Amino acid sequence: METLRQQAYRIIKDKIVCLQVKPGERLFETDLAKDLNMGRTPVREAIQMLENEKLVECNDKHGYIVRKLSREEANDFFSIRMVIEDFAIPLIVKGLTNDIIAELERNIQTVKEYAEKNDFPNIIRYETGFHEILYRTTNSKAFIEVISGIVDKFQWLRAIALSAPGGVQQSLDEHIKILSAYKTGDISEIRRLTELHIQDAKNKFISMERIIF
């Protein structure tokens, strides 16, 4: 069972990675405690946990604020993701089943439905879910252990990229193409499309310069 601190941590983190609280915005303990219907102590402890994860930073003048990434950090995370996904692709092809393909197809359909409703938090969750299904398909405990420490950063970057004009539709179209390539098992094509997908996400991310740098 979750403690109040864990509950506050999960909810506040979700607000950050889904851009309900944007980079540079201040976190008000009192307001968060009221929204979460809990005392300020678990909220403060949750914010400190997020500070340790480099999602939040303490500004002497404004208190705790959501971090803004530097260009160097953003470039590094996109480069790391490229290497990780390139490593995973042959394992995913090997582990892919009809049930997993059906799960990915349902995911894409769900994103389409949320896109029609302009439900951005759920778009982010299910867009991220597409990649999490693929990661799980590697059947590699070592891979999952390594990536578990950075998937939240990937989701954060993804949310900012998706918030750019045309970002959701572009990503959705690319997921459809990537899934089609996985169905054929063409590793070189999967790699090409995945690299394009990550590069396009990076370009969309950079286009949102006003909120990230």
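For clarity, every value in this text was computed on a predicted model and none was experimentally measured.
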Worksheet item: Does the side chain of Ser140 come within less than 4.5 Å of Glu145's, by heavy atoms?
Response: no
Practice prompt. Mark yes or no for whether Lys204, through its side chain, and Ser163, through its backbone, hold a donor-acceptor pair below 3.5 Å.
Written response: no
Worksheet entry | Gap between atom CZ of Arg191 and atom CD1 of Ile178 - 0.5 Å precision | 13.5 Å
Worksheet item: Can you find a heavy atom in the side chain of Lys112 that is under 4.5 Å from one in the side chain of Ile176?
Response: yes
Fill in: Minimum side-chain heavy-atom gap Phe120-Ile124 below 4.5 Å
yes
Worksheet item: Distance from Ile12 atom CD1 to Gln20 atom CD, nearest 0.5 Å?
Response: 12.0 Å
Fill in: NZ-CG distance between Lys94 and Leu96, expressed to the nearest 0.5 angstrom
13.5 Å
Discussion item. For a quick test of reading the model, state the closest non-hydrogen atom pair linking Leu162 to Gly167 and the distance between them.
Written reply: CD2-O, 3.7 Å
Worksheet item: Tell me, do Ile47 and Tyr9 make a side-chain contact under 4.5 Å, heavy atoms counted?
Response: no
Discussion item. Using modelled atom types and a 3.5 Å cut-off, is there a donor and acceptor pairing between side-chain atoms of Arg67 and backbone atoms of Lys54?
Written reply: yes
Worksheet item: Do the charged groups of Lys15 and Glu25 touch, with an N to O distance under 4.0 Å?
Response: no
Worksheet item: Is there side-chain contact between Val17 and Thr128, with heavy atoms separated by less than 4.5 Å?
Response: no
Worksheet item: Would a hydrophobic clustering, with Ile, Leu, Val, Met, Phe, Trp and Tyr connected at side-chain separations under 4.5 Å, put Ile80 with Leu196?
Response: no
Worksheet item: Does His197 reach the side chain of Glu85, with side-chain heavy atoms less than 4.5 Å apart?
Response: no
Item to complete: Would you give the length of the straight line joining atom OH of Tyr135 to atom OG1 of Thr137, rounded to the nearest 0.5 angstrom?
Response: 11.5 Å
Worksheet item: Does Val151 belong to the same Ile/Leu/Val/Met/Phe/Trp/Tyr cluster as Phe87, with side-chain heavy atoms less than 4.5 Å apart forming each link?
Response: yes
Worksheet entry | Validation row: Ser171, Val111 side chains within 4.5 angstrom (heavy atoms) | no
Fill in: side-chain contact (heavy atoms from CB on, under 4.5 Å) evaluation trace for Val66 with Lys22
CA-CA 7 Å; Val66 179; Lys22 294 180 175 61; over 6 Å; no
Worksheet item: Does Leu55 share a hydrophobic cluster with Ile150, counting links as ILVMFWY side-chain heavy atoms below 4.5 Å and allowing steps through other members?
Response: yes
Item to complete: State plainly whether the residues Arg106 and Glu103 are in salt-bridge range, i.e. N to O under 4.0 Å.
Response: no
Discussion item. Could you walk me through whether Phe77 and Trp156 satisfy the side-chain contact (heavy atoms from CB on, under 4.5 Å) test, starting with their C-alpha distance in whole Å, then the side-chain angles of each, then the deciding distance to 0.1 Å, before giving a yes or no?
Written reply: CA-CA 11 Å; Phe77 276 121; Trp156 195 25; over 6 Å; no
Worksheet item: Is there side-chain contact between Arg71 and Ile206, with at least one heavy-atom pair below 4.5 Å?
Response: yes
Worksheet item: If every non-hydrogen atom of Ala115 is compared with every non-hydrogen atom of Ile123, which pair is closest and at what distance?
Response: CA-CD1, 3.7 Å
Discussion item. Strictly below 4.0 Å, N to O, side chains only: are Lys153 and Glu73 in salt-bridge contact?
Written reply: no
Worksheet item: If two hydrophobic side chains count as joined below 4.5 Å and joins carry through other members, does Phe28 share a cluster with Met38?
Response: no
Worksheet item: Between CD1 of Ile11 and NZ of Lys13, what distance do you get to the nearest 0.5 Å?
Response: 13.5 Å
Response to the item:
Tightest non-hydrogen contact, residues Cys58 and Tyr64, listed as CB-CE2, 3.7 Å
Discussion item. For Gln48 and Asn52, which I'm curious about, is there any donor-acceptor pair between the side chains at under 3.5 Å?
Written reply: no
Discussion item. For Ala164 versus Ser207, what's the shortest heavy-atom pair and its separation?
Written reply: CB-OG, 3.6 Å
Worksheet item: Salt bridge or not for Arg158 and Glu127, using N-O below 4.0 Å?
Response: no
Worksheet item: Between Phe130 and His175, what is the ring plane arrangement, given parallel below 30°, perpendicular above 60°, and tilted in between?
Response: parallel
Discussion item. Working note: Thr184 + Glu189, criterion side-chain contact (heavy atoms from CB on, under 4.5 Å); need CA distance, chi angles, decisive distance, verdict.
Written reply: CA-CA 9 Å; Thr184 68; Glu189 179 65 1; 5.9 Å; no
Worksheet entry | N/O donor-acceptor pair under 3.5 Å between Thr194 side chain and Ile190 backbone | yes
Practice prompt. For atom CD of Glu195, decide whether the heavy atoms of other residues, nucleotides or ligands shown that lie under 6.0 angstrom number more than 12.
Written response: no
Worksheet, complete the sentence: Rounding to 0.5 Å, atoms CG (Asp152) and CD (Glu53) come to a distance of 6.5 Å
Worksheet item: Any idea which heavy atoms bring Leu179 and Glu105 closest together, and the distance?
Response: CD2-CG, 3.6 Å
Item to complete: Tell me, with the steps shown, if Phe78 and Leu157 meet side-chain contact (heavy atoms from CB on, under 4.5 Å).
Response: CA-CA 9 Å; Phe78 279 109; Leu157 299 177; 4.1 Å; yes
Item to complete: Verify, without hydrogens or angle tests, whether Asn139 (side chain) and Leu91 (backbone) share a donor-acceptor contact under 3.5 angstrom.
Response: no
Worksheet item: Should we say atom OH of Tyr126 is surrounded by more than 12 heavy atoms from elsewhere, each under 6.0 Å from it?
Response: no
Response to the item:
Correct closest heavy-atom pair for Ala201 and Ala161 would be O-CB, 3.4 Å
Worksheet entry | Path from Ile160 to Ile65 over hydrophobic side-chain contacts below 4.5 Å | no
Practice prompt. Let me see the working for Lys177 and Glu174 under salt bridge (Lys or Arg N to Asp or Glu O under 4.0 Å), right down to the final yes or no.
Written response: CA-CA 5 Å; Lys177 291 176 183 178; Glu174 289 171 355; over 6 Å; no
